[in-house]
K.L.:
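Just passing along the structure, written as structure tokens.
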Amino acid sequence: MQKLSTQPYKGTRDFLPEEMSVRTQIFEKLHRTVETYGFRRYDGPILESAAIYEAKSGEEIANQQLYRLVDKGGRELALRPEMTPSVARIIAGNAEQIVFPARWYCNVNCHRYERPQRGRVREHWQVNVDIFGSEEVEAEVEIFDLVGDLMAALGATPDMWIFRVNDRVLVEGALRNFVGVPQDKLVGVGMAIDRWEKVDQETRHQTLTELGLGAEQIGKLEELVQMDLTAYGKVAGDEALSRSKLAKIVREGLSQAPLKFDPLVMRAFTYYTSTVFEVFDASPENRRSIFGGGRYDDLASLFTTKKIPGVGFAVGDVTTWNFMEHHGLLPKPDLGPDIYVFGTSPDYRAAVRSVSRALRREGLRVEPALDDPNVRNGLKHANRLGAKYVVMIADEEFKVNSAVVKDMVGSTQQTLAFDAVPGFLKQALQAK
RNA sequence: GCGGCUGUAGCUCAGCUGGUAGUAGCGCCAGAUUGUGGUUCUGGAUGUCGAGGGUUCGAAUCCCUCCAGCCGCCCCA
């Protein structure tokens with residue numbers, strides 16, 4: 001009979017224990033850092049009503065990248081392509097009982113139907129971090145500082161990454177006042193800015209011309225995207241400048257993160273309303289966005305009349321993995337068992353069980369043999385498992401209620417009474 | 001959705017212009033080593049050559065279609 005394929009579905013990945021251990025360690029570093037900022041972890045369903053993505057996520061995601069399905073009751077559902085709409089729904093639905101400002105984070109898998117390639121798959125995991133219910137600039141400062149600390153937690157030094165920031169408030173002001181872009185073309189021109197470095201000048205001109213910009217306006221736009229924050233703020237106009245959180249943060253030096261103003265950072269999600277940022281790999285060979293985020297001041301309006309502003313970002317496992325791998329920062333797999341216990345005869349199984357239980361009471365990672373290998377095979381198996389220590393109960397030792405405790409790394413061994421084994425190994429493993 | 005490259009042993013791969021698959025490396029099994037793994041040496045096993053079709057006396061090799069992977073485009077995290 002024809003067997004089914006063992007390959008994971010296109011764009012998805014199996015995580016064998018070695019890889020899972022690396023992924024877990026990466027996320028644990030991120031979680032610990034996020035929690036030092038007072039964030040609380042939540043979770044939510046992978047299935048959502050498709051409608052929540054159609055309004056706010058952006059057309060491309062809703063129309064082409066959404067995994068859609070219809071349940072048996074005819075409801076239009078989708079696998080979440082990102083977490084922000086879900087968390088906005090959860091926040092809006094529970095707003096009466098939530099203490100604002102709320103600092104929430106999660107670790108979820110998201111699905112997007114697209115062509116897999118470097119840094120992009122169909123299922124990825126991300127840590128999603130948001131502060132809800134504050135329009136204060138301090139929310140951005142906290143997020144920016146957190147981003148800096150997250151990168152440090154991954155082992156990244158400042159030269160490895162670039163923290164590009166922009167503010168859509170400034171962009172809109174500048175496009176309106178300096179370039180003279182009409183209201184209904186702001187989004188289109190914004191998208192053109194987003195793609196600025198990815199297309200050649202001719203394509204860019206064509207796009208902008210199609211949006212109704214004249215040669216003089218295009219010239220001004222080209223001037224604009226070269227400006228530093230001071231010049232950009234001036235042409236954006238007083239009103240935009242006074243509303244811009246980014247301008248205030250930079251002017252007053254509120255964040256300790258290495259912010260770099262970049263007029264080309266726009267981000268695709270239509271729901272961002274103010275600050276937007278992207279963390280880039282500084283290495284020329286891996287020059288790509290690792291993650292990004294921004295402020296969205298009316299996302300909850302989909303669910304409630306309450307105004308619940310938010311600012312946040314998501315760190316994905318794929319791009320983070322690529323970054324860490326590229327810079328040699330990936331942690332080594334940390335897999336059990338620390339100790340492999342075996343006896344060479346069925347008569348010793350009770351002793352194997354009882355020693356194993358005693359070791360576990362010390363909190364150690366213990367794997368007892370399920371059979372009775374000879375010395376050679378028992379040690380061989382322990383070696384392949386990567387166990388750091390072996391407890392071996394063989395004929396000579398069993399006679400005197402003892403076991404050989406062998407250090408598999410240092411190749412030293414000693415015979416200890418059963419009672420002495422747990423204390424000895426606990427201390428030995430703590431020392432490592 | 002579009003384009004490029006790739007698909008041969010468990011893994012990494014060699015296999016020239018078609019002649020019926022490799023003493024390859026790693027891994028695996030066994031022995032040296034009937035109380036010692038990891039190192040070393042010796043021996044051994046393993047393939048529907050991604051799938052289907054076509055050309056040919058003959059296809060891993062050439063052609064077509066499909067599938068999958070990688071990379072890029074579109075777009076996006």
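Note on naming: letters A, B, ... go to the chains in the order of the sequence lines (proteins, then strands), and numbering restarts at 1 for each one.
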K.L.:
For B:A9 versus B:G52, give the span between their P atoms, rounded off to a whole number of Å.
P.N.:
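Roughly 16 Å separates the two P atoms.
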K.L.:
At under 4.0 Å between heavy atoms, what does A:Val279 touch on the DNA or RNA strands: base, sugar-phosphate, or nothing?
P.N.:
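Touches nothing.
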K.L.:
Any donor-acceptor pair under 3.5 Å between the side chain of A:Glu114 and the base of B:A77?
P.N.:
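Checked by distance alone, the answer is yes.
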K.L.:
Just by distance, with hydrogens left out, do A:Asp145 and A:Tyr37 show a side-chain donor and acceptor under 3.5 Å apart?
P.N.:
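Looking only at side-chain atoms, A:Tyr37 and A:Asp145 do not form any donor-acceptor pair under 3.5 Å.
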K.L.:
Could you measure between the two C1' atoms, the one in B:C2 and the one in B:G58, and give it in whole Å?
P.N.:
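Between the two C1' atoms, the distance is 38 Å.
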K.L.:
Among A:Gln126, A:Met83, A:Glu123, which residue meets the side chain to side chain contact (heavy atoms under 4.5 Å, CB included) test with A:Asn109?
P.N.:
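Filter result, single survivor: A:Glu123.
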K.L.:
Scan every strand shown for a Watson-Crick or G-U wobble partner of B:C73, both distances under 3.5 Å, and answer none if you come up empty.
P.N.:
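Paired with B:C73, as far as the under-3.5 Å criterion goes, is B:G1.
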K.L.:
Please pick, from B:C29, B:G69, B:C2, the nucleotide with the shortest atom-to-atom distance to any side-chain atom of A:Arg115.
P.N.:
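Between B:C29, B:G69, B:C2, the one nearest the side chain of A:Arg115 would be B:C2.
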K.L.:
Counting just side-chain N and O atoms, does A:Arg13 come under 4.0 Å of either OP1 or OP2 of B:G69?
P.N.:
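No.
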K.L.:
Within 45 degrees of the axis of the six-membered ring of A:Phe280 and under 6.0 Å from its centre: does A:Arg164 put its NZ or CZ there?
P.N.:
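That pair qualifies as a cation-pi contact.
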K.L.:
Of the options B:C73, B:A77, B:C29, whose atoms approach the side-chain atoms of A:Gln117 most closely?
P.N.:
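Nearest to the side-chain atoms of A:Gln117, counting from C-beta on, is B:C73.
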K.L.:
B:G38 base to A:Asn383 side chain: any donor-acceptor pair below 3.5 Å?
P.N.:
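Looking at the base of B:G38, it does not pair with any donor or acceptor on the side chain of A:Asn383 (distance under 3.5 Å).
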K.L.:
Under a 3.5 Å cut-off for both contacts, is B:U55 paired Watson-Crick or G-U wobble with anything, and if yes, with which nucleotide?
P.N.:
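B:U55 is paired with nothing.
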K.L.:
Phosphate oxygens OP1/OP2 of B:G72: is one of them under 4.0 Å from a side-chain N or O of A:Arg118?
P.N.:
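Looking at the OP1 and OP2 atoms of B:G72, neither is under 4.0 Å from any side-chain N or O of A:Arg118.
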K.L.:
Work out how far the P atom of B:C67 is from that of B:U20, and round it to whole angstrom.
P.N.:
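Going atom to atom, P in each nucleotide, I get 33 Å.
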K.L.:
Would you say the side chain of A:Lys406 and the base of B:U36 hold a donor-acceptor pair, judged only by whether the two atoms sit under 3.5 Å apart?
P.N.:
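When only heavy-atom distances are counted, A:Lys406 does reach the base of B:U36 through a donor-acceptor pair under 3.5 Å.
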K.L.:
Which listed nucleotide (B:G35, B:C75, B:A77) is nearest to the side chain of A:Arg112?
P.N.:
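Between B:G35, B:C75, B:A77, the one nearest the side chain of A:Arg112 would be B:A77.
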K.L.:
When only distance counts, do a donor and an acceptor, one from the side chain of A:Ser411 and one from the base of B:G38, lie under 3.5 Å apart?
P.N.:
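Checked by distance alone, the answer is yes.
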K.L.:
Can you check whether any acceptor in the base of B:U34 is under 3.5 Å from a donor in the side chain of A:Arg376, or vice versa?
P.N.:
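Flag unset: no donor-acceptor pair detected.
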K.L.:
Could you check whether A:Arg204 makes a cation-pi contact with A:Trp196, meaning its NZ or CZ is under 6.0 Å from the centre of the six-membered ring and within 45° of the ring axis?
P.N.:
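Yes; both conditions hold, so A:Arg204 lies above the ring face of A:Trp196.
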K.L.:
Which value, in whole Å, describes the distance between the C1' atoms of nucleotides B:C57 and B:G44?
P.N.:
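Rounded to whole Å, the distance is 37 Å.
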K.L.:
Take atom CD of A:Glu136 as the centre, draw a 6.0 Å sphere, and report whether it contains more than 12 heavy atoms from other residues, nucleotides or ligands.
P.N.:
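No, not enclosed.
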K.L.:
Please report the distance separating the P of B:U8 from the corresponding atom of B:U48, rounded so that it comes out in whole Å.
P.N.:
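Their P atoms lie roughly 11 Å apart.
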K.L.:
Between B:C28 and B:U46, how far is it from one C1' atom to the other, in whole Å?
P.N.:
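That atom pair is separated by 9 Å.
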K.L.:
Step through it carefully: locate the ring centre of A:Phe39, locate the ring centre of A:Tyr105, and say whether they are under 6.0 Å apart.
P.N.:
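Judged by ring-centre distance (under 6.0 Å), A:Phe39 and A:Tyr105 do not meet the cut-off.
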K.L.:
Quick check for you: among B:G1, B:C75, B:U36, whose closest atom lies nearest to any side-chain atom of A:Arg120?
P.N.:
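Per side-chain heavy atoms of A:Arg120, the pick is B:C75.
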K.L.:
Which nucleotide, if any, forms a Watson-Crick or G-U wobble pair with B:U33, using both distances under 3.5 Å?
P.N.:
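Per the H-bond distance test, none.
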K.L.:
Any donor-acceptor pair under 3.5 Å joining the side chain of A:Glu397 to the base of B:G35?
P.N.:
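Counting by modelled atom types and ignoring angles, a donor-acceptor contact under 3.5 Å is found here.
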K.L.:
Could you measure between the two C1' atoms, the one in B:G7 and the one in B:C76, and give it in whole Å?
P.N.:
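Between the two C1' atoms, the distance is 28 Å.
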